[in-house]
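Working notes for the structure below.
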2 protein chains.
Amino acid sequence: MGNPLSRDPIAEAQRNWEEHGWGDVAAPMAAITAIMRTQQILLARIESTLKPFGLTFARYELLALLNFARKGALPMNKASALLQVHPTSVTNSVDRLERAGLVARSPHPTDGRTTLIELTAKGRTAAKDATAALNTEVFSTPGFSPGDVKDLIRILGEFRRNAGDFED
Amino acid sequence: MGNPLSRDPIAEAQRNWEEHGWGDVAAPMAAITAIMRTQQILLARIESTLKPFGLTFARYELLALLNFARKGALPMNKASALLQVHPTSVTNSVDRLERAGLVARSPHPTDGRTTLIELTAKGRTAAKDATAALNTEVFSTPGFSPGDVKDLIRILGEFRRNAGDFED
DNA sequence: TGAATATACTAGGACATCCAACGTTTAGGC
DNA sequence: GCCTAAACGTTGGATGTCCTAGTATATTCA
């Protein structure tokens with residue numbers, strides 16, 4: 001889909017912003033646009049790594065979350081909150097994961113409204129295998145230096161806290 | 001869709017990774033996940049700012065690109081390359097923008113294969129207004145300190161260069 | 001008990017992305 | 001000059017995400 005460009009299009013945009021008298025917001029614009037593009041690149045890598053497992057990133061995240069939960073089960077609404085996604089998206093993901101035999105729905109023992117999502121044995125295996133693949137194929141060579149990784153975690157952590165993701 | 005959580009779910013994931021013996025990739029995993037989440041937050045802000053203009057981010061990017069192009073026109077394939085998206089995605093965006101009267105297709109004067117995308121007067125106004133809105137509502141208060149903005153531009157710029165986005 | 005709230009599902013729609021395939025047009029090798 | 005290869009944009013199909021709205025059920029609290 002793309003050969004390398006001769007010039008950085010985001011740096012170009014930043015220059016355009018400055019020339020049009022928006023110099024005060026040119027840098028933040030460039031940073032935000034760069035985050036958008038970086039996410040695109042990373043997502044493509046992750047999805048191509050997960051494809052052999054029949055997983056998308058959204059479904060993998062849910063699987064990984066369940067894998068870390070005690071007893072491998074979580075209520076739907078907890079999963080929605082922890083993954084920061086819309087409840088209907090969780091329903092959608094669970095539908096597909098259930099159809100693939102990786103998770104199962106079960107009624108909550110005391111609260112009749114909530115349904116628990118539970119990892120099946122097959123789902124636990126898939127979670128482990130997919131995680132191993134991501135670790136070796138993506139996370140071990142992230143494209144950031146260790147120092148930059150540290151900076152990113154700090155910068156984006158502060159951003160997310162200020163955005164209301166969590167209080168800590 | 002979300003009240004603040006009591007703890008940072010990404011920091012939590014990082015801890016889980018370390019406890020499972022994947023300490024060597026725990027930090028990159030956290031950084032990459034943070035980029036994913038940050039992109040989500042920023043995209044939501046941008047889209048809600050663009051909504052009154054009947055624009056999505058993908059369509060706005062195309063509009064802004066045309067607005068900076070000399071003569072307000074670009075070939076489809078140039079737009080595809082500069083925006084780093086699949087040609088069919090550009091077709092999709094142009095279809096919708098054309099239906100909204102913001103751009104127009106026209107044949108290339110010398111190369112019969114390529115079609116030019118051209119800003120209409122209405123499109124140029126929309127581009128200017130939407131940019132002004134983004135500048136005041138999003139980019140002026142990005143949620144990053146000026147120093148962090150600078151770091152992000154450098155770190156993500158290097159990443160994108162290494163990923164083959166551009167050569168410079 | 002009754003009203004407000006919480007939970008999850010269904011249905012429908014908007015949107016973006018990618019892929020395979022196609023017709024048209026151009027360019028390059030011979 | 002011709003013919004093959006490549007480039008370009010489009011179509012149709014598939015996938016996937018998110019959102020809104022409405023429904024049904026269950027819980028909580030006044």
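Numbered from 1 within each chain, the chains take letters A, B, ... in sequence-line order.
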**OP:** Before giving the answer on side chain to side chain contact (heavy atoms under 4.5 Å, CB included), spell out for A/L152 and B/L152 the whole-Å C-alpha distance, their side-chain angles and the decisive distance to 0.1 Å.
**Re:** CA-CA 8 Å; A/L152 283 174; B/L152 283 174; 3.8 Å; yes
Original post:
What is the distance, rounded to the nearest whole Å, between atom CE of B/M36 and atom P of D/dC18?
Top reply: 13 Å
Original post:
Do you know which of A/L119, A/L55, A/N92 makes side-chain contact (heavy atoms from CB on, under 4.5 Å) with A/L97?
Top reply: A/L55
Original post:
Hey, quick one: are B/L66 and B/L116 part of the same hydrophobic cluster, counting side-chain heavy atoms closer than 4.5 Å, chains of contacts allowed?
Top reply: no
Original post:
How does each nucleotide of nucleotides 20-27 of chain C score, in 5' to 3' order, for protein heavy atoms under 4.0 Å: base (B), sugar-phosphate only (S), or none (-)?
Top reply: B----BS-
**OP:** Would you kindly give the CG-to-P distance between B/N77 and D/dA6, to the nearest whole Å?
**Re:** 18 Å
**OP:** For the pair B/M29 and B/V25, evaluate side chain to side chain contact (heavy atoms under 4.5 Å, CB included) and give the outcome as yes or no after the intermediate values.
**Re:** CA-CA 6 Å; B/M29 182 281 301; B/V25 296; 5.6 Å; no
Original post:
OP1 or OP2 of D/dT17 sitting under 4.0 Å from any side-chain N/O of B/Q40?
Top reply: no
Original post:
Using the C1' atoms of five pairs at each end, what's the angle between the two axes of the helix from C/dT1-D/dA30 to C/dC30-D/dG1, to 10 degrees?
Top reply: 20°
**OP:** Ignoring the backbone of B/T91, work out which of C/dT10, D/dG16, D/dG9 is nearest its side chain.
**Re:** D/dG9
Original post:
Closest to the B/T114 side chain: C/dT7, C/dC9, D/dC8?
Top reply: D/dC8
**OP:** I would like to know whether A/I46 and A/Y60 meet side chain to side chain contact (heavy atoms under 4.5 Å, CB included); could you show each step before the answer?
**Re:** CA-CA 10 Å; A/I46 291 171; A/Y60 167 76; 6.0 Å; no
Subject >> Rounded distance (Å) that lies between atom C1' of C/dA14 and atom CZ of B/F57 >> reply: 18 Å
Original post:
Nearest nucleotide by nearest heavy atom, which residue falls closer to the 5' end of DNA chain D, A/S93 or B/K51?
Top reply: A/S93
**OP:** For residues A/E19 and A/N16, determine if any side-chain heavy atom of one lies less than 4.5 Å from a side-chain heavy atom of the other.
**Re:** yes
Original post:
Which listed nucleotide (D/dT17, C/dT7, D/dT10) is nearest to the side chain of A/R96?
Top reply: D/dT17
**OP:** Find the distance B/R105:CZ to D/dG9:P and express it as a whole number of Å.
**Re:** 10 Å
**OP:** Identify the heavy atoms of A/F53 and A/A133 that sit nearest to each other, and give their distance.
**Re:** CE1-CB, 3.6 Å
**OP:** Take the protein atom CG of A/D95 and the nucleotide atom P of C/dC9, then report the distance between them rounded to whole Å.
**Re:** 7 Å
**OP:** Would you kindly confirm whether B/I10 and A/F139 end up in one hydrophobic cluster when ILVMFWY residues are joined by side chain heavy atoms under 4.5 Å apart?
**Re:** no
**OP:** Would you indicate, yes or no, if D/dG16 has its OP1 or OP2 atom less than 4.0 angstrom from a side-chain nitrogen or oxygen of A/T56?
**Re:** no
Original post:
If only side-chain N and O atoms of A/R59 are considered, is one of them under 4.0 Å from the OP1 or OP2 phosphate oxygen of D/dG16?
Top reply: yes
**OP:** Check step by step if side chain to side chain contact (heavy atoms under 4.5 Å, CB included) holds for B/F68 and A/E12.
**Re:** CA-CA 10 Å; B/F68 286 125; A/E12 199 101 3; over 6 Å; no
Original post:
Between B/L116 (CG) and D/dC8 (P), how many Å, whole number?
Top reply: 13 Å
Subject >> For atom CG of B/L97 and atom P of C/dA14, their distance in whole Å >> reply: 17 Å
Subject >> Greater than 12 external heavy atoms within 6.0 Å of A/R7's CZ >> reply: no
Original post:
When all nucleic acid strands are considered with a 4.0 Å heavy-atom cut-off, which category describes B/N92: base, sugar-phosphate, or nothing?
Top reply: base
Subject >> Spacing of A/L50 atom CG relative to C/dC18 atom C1', expressed in whole Å >> reply: 17 Å
